[in-house]
Visitor: 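Sharing a structure below in structure tokens format, with a few things to ask.
Letters go in sequence order (proteins before strands), and every chain restarts at 1. Treat the numbers as computed from the prediction; the structure is a model and nothing was measured.
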Amino acid sequence: MSDKPEKVRVRYAPSPTGYPHVGNIRTALFNWLFARHCNGVFILRIEDTDVARTVEGAVDIIMNSLRWLGLDWDEGPYFQSQRLHIYREAAENLIKGGFAYRCYCSSERLAAMRQEQIKLKRPPGYDRHCRNLTSEQQTEMEGRGIVPVIRFKIPLEGQTIFNDLIRGDIVFENSTLDDFVLLKSDGYPTYHLANVIDDHLMEISHVMRAEEWVPSTPRHVLLYRAMGWQPPIFAHMPMILGTDRSKLSKRHGATSINEYQDAGYLPETLFNFLSLLGWSLDDKTEIMSRDEIIKKFSLERVSKTAAIFNKEKIDWMNGMYIRSLSPDEFAGKVIPFMEKALPLEIHRPLDESYIRSIAPLIQDRAKLLAEVPELTGFFFVDNLDYDAKLLLNKIEKPQAVQILQVVLAKLSIANTWSREMLEETIRPLTVEMNLKPGIFFGVIRVAVTGKTATPPLFETMEVLGKDRCIKRLTTALEKLTPV
RNA sequence: GGCGCAUUCGUCUAGCGGCCCAGGACGCCUCCCUCUCAAGGAGGAGAUCACCGGUUCGAAUCCGGUAUGCGCUACCA
């Protein structure tokens with residue numbers, strides 16, 4: 001435990017089966033953090049050994065997700081599908097060394113065996129039917145054209161112990177392990193074989209992966225031993241659970257990292273939030289910069305217990321990061337979301353300088369970039385669509401009409417247009433009419449925005465501009481006094 | 001069923017034998033600020049530290065058992 005390897009080399013090894021989900025990315029993040037903290041090497045390795053499950057384009061998606069989060073890799077991507085000869089040769093050597101054997105069992109036989117085991121309440125596992133086949137029997141099977149798999153010979157007795165950096169020593173009875181497949185009949189290695197070989201060949205110092213891998217680690221340790229290799233240091237990360245405490249999956253809502261990107265979470269939010277899922281610095285620090293997290297990250301402070309992804313908290317944190325942006329940065333990030341989600345009738349490309357004037361009004365109010373178009377739609381549309389009743393929310397009709405008329409009269413003769421001018425003009429009117437500002441402004445607000453909750457009135461009107469405001473006030477008046 | 005891991009406020013967590021009748025954060029509630037909504041500020045409610053034994057002068061912290069949860073149990077990773 002005390003003697004650290006001279007060079008830290010870790011890897012993120014996803015299988016290209018689709019969009020990486022947050023738990024997976026969290027593992028990538030911890031590996032990356034550890035590498036950067038130790039001045040080590042972060043390697044990207046694609047575990048594409050399941051031909052059936054491999055998804056076209058998934059590798060690009062994975063790489064783009066890493067890039068988006070700012071997780072750069074020093075080596076790779078390596079592809080296991082391009083290294084098949086290595087695994088095959090290793091498997092053959094294992095057979096020669098007496099550590100593995102060919103198995104000719106059909107999937108039908110295996111399925112039947114499994115069913116029987118379950119029926120008899122026996123622990124399911126391969127029954128070692130082919131473990132001691134004679135060479136005559138083997139030749140006969142080959143003659144029948146059966147393509148075998150290669151299985152590992154688990155020692156029948158004894159126990160396998162390994163140390164997990166997070167959990168301490170973990171012990172398994174070898175008798176509870178079955179002879180797992182190393183090489184599939186299609187010539188591809190299983191995860192177990194490829195993973196062990198690559199981690200060794202790539203000189204991985206620490207294997208950091210999710211907790212779900214703990215049960216297969218003794219197999220890996222046995223494999224390292226059979227190969228005559230020194231196993232790496234293992235550290236199994238706590239899992240990320242859905243709100244029902246089960247393994248995070250689609251039915252828990254947004255799980256893949258790109259969904260968070262599309263919803264308008266900032267990469268720094270995900271980076272910070274994910275770093276806190278299973279790791280903590282102390283009893284209070286939560287908002288931390290990327291550099292600070294790298295500097296402070298340590299495996300000693302990774303927790304053992306699975307964590308539930310707390311949506312309310314990541315939303316809060318995203319709001320924090322949005323507010324920490326400069327107005328200009330914020331506007332820049334908002335523009336693509338506007339282009340995408342604002343009603344189609346609004347002319348594209350959108351007026352960027354107009355967006356830049358709107359952005360500061362909404363920055364304190366947005367938790368997600370994707371909600372900004374909805375929040376600011378009224379700045380763009382030609383005709384407001386709202387129920388006239390909104391104008392009479394807290395006031396009787398005659399007064400509302402009077403408010404609109406008075407304001408309209410004052411503003412139409414205005415020759416300047418600024419928030420100060422607007423406030424200096426309108427606020428005194430509330431006194432004259434003896435109305436609470438909240439009520440008075442409320443009528444104007446609805447008239448000018450169609451909504452009851454908006455950014456501050458005068459700043460909003462300033463951005464909207466005189467023409468639009470006058471037109472909307474007039475329209476509101478017409479709504480209340482049909483001709 | 002077997003094997004493994006885990007168990008502190010609803011959630012994320014701090015705590016590594018006395019500083020803890022348990023601290024912070026999100027969420028929730030109240031108040032302040034205020035033209036609405038936010039943001040911000042100040043308070044508050046919320047955990048018999050899963051349970052039962054043991055070790056100890058002293059346990060959330062160490063040990064054992066029980067329960068519960070989760071994971072694994074494929075020619076998937």
Visitor: What string of B, S and - do you get for nucleotides 31-46 of chain B, 5' to 3', if B is base contact, S is sugar-phosphate-only contact and - is no contact with any protein heavy atom under 4.0 Å?
Guide: ----BBBBSS------

Visitor: Say we look at rG53(B) and rU11(B): how far apart would their C1' atoms be, to the nearest angstrom?
Guide: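 Per the computed distance, 32 Å lies between those C1' atoms.
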
Visitor: Counting Watson-Crick and G-U wobble pairs only, both distances under 3.5 Å, name the nucleotide matched with rG27(B), or none.
Guide: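 With both distances under 3.5 Å required, rG27(B) matches none.
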
Visitor: With C1' as the reference atom in both, quote the distance from rC51(B) to rU68(B) in angstrom, rounded to an integer.
Guide: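 To the nearest whole Å, 10 Å.
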
Visitor: Closer to the 5' end of RNA chain B via nearest nucleotide, is it T285(A) or I170(A)?
Guide: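 Checking each residue's closest nucleotide, the 5'-ward one belongs to I170(A).
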
Visitor: Taking a pair as Watson-Crick or G-U wobble with both distances under 3.5 Å, which nucleotide is matched to rU48(B)?
Guide: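 None - no nucleotide pairs with rU48(B), as no candidate has both distances under 3.5 Å.
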
Visitor: Decide yes or no for L29(A) and L69(A): does some side-chain heavy atom of the first lie under 4.5 Å from some side-chain heavy atom of the second?
Guide: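 No, their side chains stay 4.5 Å or more apart.
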
Visitor: rA25(B) C1' sits how many Å from N318(A) CG, rounded?
Guide: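 My rounded result for the distance is 16 Å.
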
Visitor: Given the C1' atoms of rU56(B) and rG4(B), what is the spacing between them in whole Å?
Guide: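 Comparing C1' positions in rU56(B) and rG4(B) gives a spacing of 31 Å.
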
Visitor: Would you say the side chain of K313(A) and the base of rA25(B) hold a donor-acceptor pair, judged only by whether the two atoms sit under 3.5 Å apart?
Guide: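 Yes, the side chain and the base share a sub-3.5 Å donor-acceptor pair.
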
Visitor: Report the distance from atom CG of L120(A) to atom C1' of rG1(B), rounded to the nearest whole Å.
Guide: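 Checked: the CG to C1' distance equals 11 Å.
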
Visitor: For rG15(B) and rA59(B), measure between their C1' atoms and round to the nearest Å.
Guide: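 That atom pair is separated by 12 Å.
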
Visitor: Would you measure the distance from the C1' atom in rG46(B) across to the matching atom in rC28(B) and give it in whole Å?
Guide: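 These two C1' atoms come out 9 Å apart once rounded.
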
Visitor: Given the P atoms of rG43(B) and rU55(B), what is the spacing between them in whole Å?
Guide: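 About 45 Å, rounded to a whole number of Å.
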
Visitor: When both hydrogen-bonding distances must be under 3.5 Å and the geometry is Watson-Crick or G-U wobble, what is rG40(B) paired with, if anything?
Guide: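 Checking every strand shown, rG40(B) finds its partner in rC32(B), with both distances under 3.5 Å.
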
Visitor: Considering Watson-Crick and G-U wobble pairs with both distances under 3.5 Å, what does rC9(B) pair with?
Guide: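 With both distances under 3.5 Å required, rC9(B) matches none.
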
Visitor: Search all heavy atoms of P455(A) against all heavy atoms of I362(A) and return the closest pair with its distance.
Guide: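 Scanning both residues completely, I find the closest heavy atoms to be CG-CD1, 4.1 Å.
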
Visitor: Need one value for R301(A): base, sugar-phosphate or nothing, where a base atom within 4.0 Å counts as base even if backbone is also close, heavy atoms only.
Guide: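 Since only primed, P, OP1 and OP2 atoms lie under 4.0 Å of R301(A), the category is sugar-phosphate.
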
Visitor: Describe the nucleic acid contact of G319(A) in one word from base, sugar-phosphate, nothing, applying a heavy-atom distance below 4.0 Å.
Guide: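 Touches nothing.
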
Visitor: May I ask you to establish whether R26(A) and F30(A) are in a cation-pi arrangement, using a distance under 6.0 Å from NZ or CZ to the six-membered ring centre and at most 45° from the ring axis?
Guide: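 The answer is yes, since R26(A) meets both limits relative to F30(A).
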
Visitor: Going by purine N1 to pyrimidine N3 plus the second Watson-Crick contact, or the G-U wobble pair, all under 3.5 Å, which nucleotide sits opposite rU56(B)?
Guide: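 Across any shown strand, rU56(B) pairs with none.
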
Visitor: Among side-chain atoms of Y12(A) and N24(A), is any donor-acceptor pair under 3.5 angstrom?
Guide: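 Result is yes, a qualifying pair exists.
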
Visitor: Nearest to the side chain of T305(A) - rA14(B), rC3(B), rU13(B)?
Guide: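 It is rU13(B).
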
Visitor: Please report, rounded to the nearest Å, how far the C1' atom of rG24(B) is from the CG atom of L276(A).
Guide: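 Answer to the nearest Å: 11 Å.
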
Visitor: Distance between the P atoms of rG41(B) and rG24(B), in whole angstroms?
Guide: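 Each nucleotide's P atom is 15 Å from the other's.
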
Visitor: Side chains of D244(A) and S246(A) only: does a donor on one sit below 3.5 Å from an acceptor on the other?
Guide: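 Yes, because at least one side-chain N or O of D244(A) sits under 3.5 Å from a partner of the opposite role on S246(A).
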
Visitor: Across all strands shown, which nucleotide pairs with rC3(B) by Watson-Crick or G-U wobble geometry, both distances under 3.5 Å?
Guide: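 Matched rC3(B) with rG71(B) under the 3.5 Å cut-off.
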
Visitor: Would you mind reading off the distance between R26(A) atom CZ and rC12(B) atom C1', rounded to a whole angstrom?
Guide: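 Those two atoms, CZ and C1', are 12 Å apart.
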
Visitor: Rounded to whole angstrom units, what separation is found between the CD1 atom of I308(A) and the C1' atom of rA6(B)?
Guide: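 After rounding, the gap between these two atoms is 13 Å.
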
Visitor: Could you say whether S303(A) or E173(A) is positioned toward the 5' end of RNA chain B, judged by the nucleotide with the nearest heavy atom to each?
Guide: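 On the 5' side of the pair lies E173(A).
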
Visitor: Hunt down the Watson-Crick or G-U wobble partner of rC19(B), both distances under 3.5 Å, from any strand shown, or write none.
Guide: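 Base partner found: none.
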
Visitor: Is the gap between the ring centers of Y188(A) and Y87(A) under 6.0 Å?
Guide: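 For Y188(A) and Y87(A), the ring centres are not under 6.0 Å apart.
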
Visitor: What does F180(A) touch in the nucleic acid at a heavy-atom separation under 4.0 angstrom: a base, only the sugar-phosphate, or nothing?
Guide: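 If one applies the 4.0 Å heavy-atom cut-off, F180(A) turns out to touch nothing in the nucleic acid.
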
Visitor: Using the rule given for salt bridge (Lys or Arg N to Asp or Glu O under 4.0 Å), can you reason through R109(A) versus D127(A), listing the C-alpha separation, both sets of side-chain angles and the distance that settles it, and then say yes or no?
Guide: CA-CA 11 Å; R109(A) 193 188 98 76; D127(A) 60 5; 2.7 Å; yes

Visitor: Measure the distance from CE on M317(A) to P on rU13(B) and round it to the nearest whole Å.
Guide: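 Going from CE in M317(A) over to P in rU13(B) covers 12 Å.
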
Visitor: Tell me the closest heavy-atom pair linking I322(A) and L266(A), and the distance in Å.
Guide: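 Shortest heavy-atom separation between I322(A) and L266(A) comes out as N-CD1, 3.9 Å.
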
Visitor: So, for F441(A) and F458(A), is the gap between ring centers shorter than 6.0 Å?
Guide: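 Yes; F458(A) has its ring centre under 6.0 Å from that of F441(A).
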
Visitor: Can you tell me how far P of rC12(B) sits from CG of D315(A), to the nearest Å?
Guide: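 About 16 Å, once rounded to whole Å.
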
Visitor: Carefully, step by step, assess H192(A) and F180(A) under the rule side chain to side chain contact (heavy atoms under 4.5 Å, CB included).
Guide: CA-CA 9 Å; H192(A) 306 298; F180(A) 60 99; 3.7 Å; yes

Visitor: Could you work out the separation of rU8(B) and rG54(B) based on their P atoms and round it to a whole Å?
Guide: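 rU8(B) and rG54(B) have their P atoms separated by 24 Å.
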
Visitor: Tell which nucleotide pairs with rA14(B), taking only Watson-Crick or G-U wobble pairs whose two distances are both under 3.5 angstrom.
Guide: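 Pair assignment: rA14(B) / none.
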
Visitor: Where the side chain of E286(A) is concerned, which of rU13(B), rG4(B), rC12(B) is the nearest nucleotide?
Guide: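 Of all the options, the side chain of E286(A) is nearest to rC12(B).
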
Visitor: Taking the cut-offs as 6.0 angstrom to the six-membered ring centre and 45 degrees off its axis, would you call R219(A) and F152(A) a cation-pi pair?
Guide: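 Cation-pi check for R219(A) and F152(A): fails.
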
Visitor: I need the CE-P distance between M237(A) and rC5(B), as an integer number of Å.
Guide: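 Distance, rounded to whole Å: 17 Å.
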
Visitor: Locate the shortest heavy-atom distance separating S256(A) from Y19(A); write the atom from each residue and the value.
Guide: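 Result for this residue pair: CB-CB, 3.5 Å.
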
Visitor: Where along nucleotides 59-77 of chain B does protein come under 4.0 Å, by heavy atom, of base (B) or sugar-phosphate alone (S), with - for untouched nucleotides?
Guide: -----------SBSSSBBB

